[in-house]
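A short worksheet on the structure shown next.
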Amino acid sequence: MNKILPLTLSANSIFMYTNPQIQFFQSVTNQFIQSPIAVDSPTNLLTQLKDLLRFHEYRYYVLSDPLISDFEYDQLFKQLQHFETKHPEQITADSPTQRVGNSLNKSFQTVPHLVPMLSLDNSYNAEDLIYFDRKARELSATELINYCIEPKFDGASISLIYENDQLVRAITRGDGVEGEEITNNVKQIRSIPLTARFSEFGISQIEIRGEIIMSKSSFYKYNQWLISQGSSPLANPRNAASGSLRMKDPKEVAQRNLDAFLYHISYFQTIDGKIVEELTTHAGSLQLLWELGFRSPQKEKKVVQGIQQVIDYCLEFETKRDELPYEIDGMVVKVNSLAMQEKLGMTSHHPRWAIAYKFKARQATTQLRSIEFQVGRTGAVTPVAKLDPVYLGGVTVSSISVHNEEYIKEKNLKIGDHVLIERAGDVIPQIVKSLPELGTGDETSILFPKECPVCNSELYKEETEAVWRCINIECEAQVVEKMIHFVSKDAMDIKSFGEANVRKFYELGYLKDIPGIYQLPYELIGSMEGFGKKSLENLQSAIEASKLQPIHRLIYALGIRFVGETTAKTLANAVENIYDFISKDETELLELEDVGVKVAKSIHSFFQNEQNIEMLHHLETLGLQFKNVKKEAAAVDSLGGQSFLFTGTLNKLKRSEAEEMVEKNGGKIMSGVSSKLNYLIVGEDAGSKLEKAKKINSIHIISEDEFLQLIQQNQS
Ligand code: IVH
């Protein structure tokens with residue numbers, strides 16, 4: 001199978017690369033990055049560029065082992081896009097640019113599967129597996145069966161059809177006989193190749209089954225985003241994956257970072273009825289898929305002899321479950337020989353040659369006893385369900401956030417309900433659903449308060465939001481939560497302060513607002529129980545040190561709504577001094593990267609609020625850093641924020657070294673030629689960037705030597 005291929009770029013037809021091939025790809029990549037192809041490049045350059053992009057997508061999405069940076073990948077991608085815009089007649093359906101969906105899905109057509117999509121029979125323990133094996137041995141009249149075992153991926157099942165090497169259709173499971181065609185959305189998943197060289201194996205049509213998944217980290221990020229938008233988070237990555245697949249807009253699907261594992265070839269047709277040697281065992285089909293660039297469970301699978309080894313591997317894998325970056329809910333045990341699979345056949349529901357071994361559930365049922373309403377630092381009132389404690393996936397769960405009023409309505413939750421709860425991996429537990437069938441009829445509705453449970457002021461809700469808020473900025477709960485946020489690790493990072501001390505000092509009247517953090521009565525704190533000399537000194541020095549934190553931390557620490565860490569950094573880079581925000585209107589703020597209308601409004605209103613400005617003055621007098629020191633330093637470093645772009649091959653410096661020099665000296669690197677560019681540094685064989693720059697008078701076009709002189713002058 002491991003064919004040695006000629007050293008040509010089209011060698012990517014088989015994804016088992018040899019070292020020299022990888023080196024070759026890398027050197028061609030560097031050439032492409034350093035000297036972008038001219039617009040009138042010949043077609044073979046275009047083919048090479050597409051092959052390169054596919055190769056790097058494979059390294060990144062299938063092997064999780066990229067050879068170039070995201071930035072470099074983007075450069076290659078942009079070159080291809082640029083070329084295709086000039087030559088739309090040369091765009092092919094399998095071009096990496098064609099993943100990006102342009103039109104909305106109107107409705108999803110129902111289409112038949114080539115072979116029905118059956119589900120699997122389940123087993124829960126060794127006895128079930130032994131029984132399954134006994135039956136299979138009897139039916140196949142075999143003493144010892146070889147099995148292939150692989151993870152049972154917890155996502156949404158999918159069927160892919162490739163014809164003449166091209167992905168032509170992707171279909172959901174549906175009722176097993178027919179499903180919905182979601183090809184455009186599936187094309188957004190980068191681990192699914194748009195094209196694969198099945199024809200090299202004589203295969204003209206093939207149907208492949210697999211699972212679309214969302215990794216634990218993407219799921220976590222997605223839920224955080226949902227919460228920040230005032231929406232309810234989802235219970236598990238499975239729901240997130242299946243929901244994402246049915247999105248109207250393929251571009252949104254692309255943002256969800258879905259992934260796929262392909263684990264079964266359900267049908268194939270060969271040219272002239274040829275036999276495919278590789279397809280005699282299940283393990284062989286996983287290997288073939290892997291070699292053709294699919295993410296199959298090639299590394300996770302194991303071929304064993306007899307059921308005892310199956311049991312051992314299932315138990316061993318269960319212990320590794322939490323270490324995996326994606327969710328699995330069990331293992332799938334498959335008879336390895338495809339001929340034996342055929343002999344064993346199916347029942348009307350499931351194959352007799354495979355069985356799922358389900359891991360112990362991370363679900364549990366318990367009872368909802370009450371709802372506590374908590375007020376956060378932005379005044380948002382969050383209902384938290386108090387439950388009868390229940391053991392679930394390694395922890396005891398006794399309270400779960402139920403997010404907002406709509407979520408409670410959607411799930412039809414009542415006090416006294418039996419509820420099914422789930423903890424997916426290391427993800428926070430969620431209520432999956434209530435179980436009204438277990439109810440007594442004495443369950444009572446949950447009433448959402450009209451007044452703040454802490455300060456009693458009236459609650460408000462914006463039409464576009466799901467969240468009720470207390471807008472009294474003096475509300476005790478908000479004041480305390482704001483201080484907790486201010487001292488936290490990602491904000492001012494005041495070590496040894498923490499939530500507990502904020503609450504304690506507040507209760508004792510030693511701390512009442514954010515400036516108070518810098519005016520603590522240390523003599524009183526020193527006499528408190530548990531506060532030795534050392535811990536007091538530590539606290540004091542951590543507070544002092546925080547005064548010098550860079551302003552992006554202070555901006556984040558202020559707790560302005562919708563301003564997370566990334567936005568805080570963007571904001572910090574845009575000013576010399578925090579006070580500069582007072583004079584910025586919403587339009588100016590909107591010009592900043594990633595700042596949308598909602599964020600701009602929020603920042604603007606924060607800096608127009610007198611109480612906030614008073615607090616800032618107070619913090620300044622207490623000695624906090626308000627100036628953007630990085631900007632000041634950069635200005636001294638004298639490239640003074642000017643922008644630079646390199647084109648062509650440099651002789652003395654590597655591209656990366658040159659770019660680093662710019663940044664170290666306070667300059668910026670641009671990604672393309674525009675009127676915002678100050679310097680274009682031209683190396684050998686410069687192409688279209690030079691031509692474009694010549695048309696813009698304000699750009700200084702200089703050589704590599706001139707660039708080095710410029711740096712030297714500025715350093716002397
Ligand atoms: S094989 C005819 N292998 O589990 C056999 N299924 O309850 C086809 N699943 O609908 C299925 N990981 O969505 C197979 N490694 C794996 C799997 C797997 C997850 C899902 C699949 C199927 C369900 C069966």
Side-chain angles (χ1 to χ4, degrees), residues 113-124 128-129 132 136 147-161 170-180 182 186 189 191-192 206-215 236-242 245 258-268 279 281-290 294-304 310 313-314 317-318 321 324 326-338 340-359 361 424:
H113 295 296
L114 297 183
V115 170
M117 265 176 113
L118 300 184
S119 65
L120 295 171
D121 201 3
N122 288 329
S123 68
Y124 298 92
D128 294 348
L129 286 172
F132 162 75
Y147 290 106
C148 182
I149 317 154
E150 67 210 30
K152 184 170 186 304
F153 302 99
D154 200 5
S157 43
I158 190 81
S159 188
L160 306 176
I161 299 174
I171 312 165
T172 62
R173 182 174 190 280
D175 63 4
V177 176
E178 46 185 27
E180 285 176 309
I182 51 164
V186 165
I189 303 166
S191 45
I192 295 183
I206 187 162
E207 188 185 53
I208 306 166
R209 300 274 157 83
E211 206 81 359
I212 306 292
I213 56 165
M214 189 183 271
S215 70
N236 50 46
R238 177 180 59 249
N239 291 358
S242 60
L245 283 180
L258 297 175
D259 216 324
F261 271 100
L262 284 309
Y263 46 65
H264 181 63
I265 295 175
S266 44
Y267 174 82
F268 68 92
L279 294 178
T281 60
H282 176 68
S285 55
L286 294 184
Q287 165 105 5
L288 178 71
L289 289 173
W290 178 255
F294 291 85
R295 193 176 186 201
S296 72
Q298 170 69 5
K299 300 208 178 99
E300 298 78 359
K301 67 131 206 294
K302 187 168 182 175
V303 178
V304 300
V310 168
Y313 191 58
C314 287
F317 218 93
E318 187 163 6
R321 182 183 186 181
L324 298 174
Y326 47 82
E327 279 295 327
I328 62 172
D329 58 345
M331 303 299 285
V332 181
V333 181
K334 295 174 181 171
V335 167
N336 196 31
S337 152
L338 298 189
M340 195 185 288
Q341 284 191 4
E342 209 169 303
K343 198 166 167 190
L344 289 167
M346 346 237 170
T347 70
S348 56
H349 301 292
H350 45 73
R352 290 198 192 90
W353 46 264
I355 192 161
Y357 169 79
K358 302 275 276 193
F359 291 156

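Remember, it's 1-based here, ligands and their atoms both numbered in the order they're listed. Because the structure is a prediction, the values reported are computed rather than measured.
- Just one residue in the list Glu300, Lys152, Glu211, Arg209 forms a side chain to side chain donor-acceptor pair (under 3.5 Å) with Tyr263, and that residue is Glu211.
- Side-chain contact between Phe317 and Tyr357 is absent, with no heavy atoms from C-beta onward closer than 4.5 Å.
- Counting only distance, with no hydrogens or angles, the side chain of His113 and the backbone of Arg173 share a donor-acceptor pair below 3.5 Å.
- With a 4.0 Å cut-off on non-hydrogen atoms, Lys152 touches ligand 1 through its backbone as well as its side chain.
- Each of the atoms 2 (C) of ligand 1 lies under 4.0 Å from some heavy atom of Pro351.
- Within the set Trp353, Phe261, Tyr263, Phe153, the minimum heavy-atom distance to atom 21 (C) of ligand 1 is found for Tyr263.
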Taking it one step at a time, do Asp259 and Ser191 satisfy side-chain hydrogen bond (donor to acceptor under 3.5 Å, both in side chains)?
CA-CA 6 Å; Asp259 216 324; Ser191 45; 2.7 Å; yes
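- Of the N or O atoms in Val332, none lie within a sub-3.5 Å distance of an N or O in ligand 1.
- Contact annotation: Pro151 has at least one heavy atom less than 4.0 Å from an atom of ligand 1.
- The heavy-atom pair separating Leu245 from Ile212 by the smallest distance is CD1-CG1, 3.7 Å.
- Short contacts between ligand 1 and Glu150, defined as distances under 4.0 Å to a heavy atom of the residue, involve ligand atoms 3 (N), 15 (N), 16 (C).
- With atom 3 (N) of ligand 1 as the reference point, the heavy atom nearest to it among His282, Lys334, His264 is part of Lys334.
- The protein heavy atom nearest to atom 7 (O) of ligand 1 is Leu120 N, 3.5 Å.
- Partners of Lys302 by salt bridge (Lys or Arg N to Asp or Glu O under 4.0 Å), not counting sequence neighbours: none found.
- Ring geometry, Phe153 versus Tyr326: the interplanar angle falls from 30° to 60°, so the pair is classed tilted.
- The protein heavy atom nearest to atom 13 (O) of ligand 1 is Glu211 OE1, 2.7 Å.
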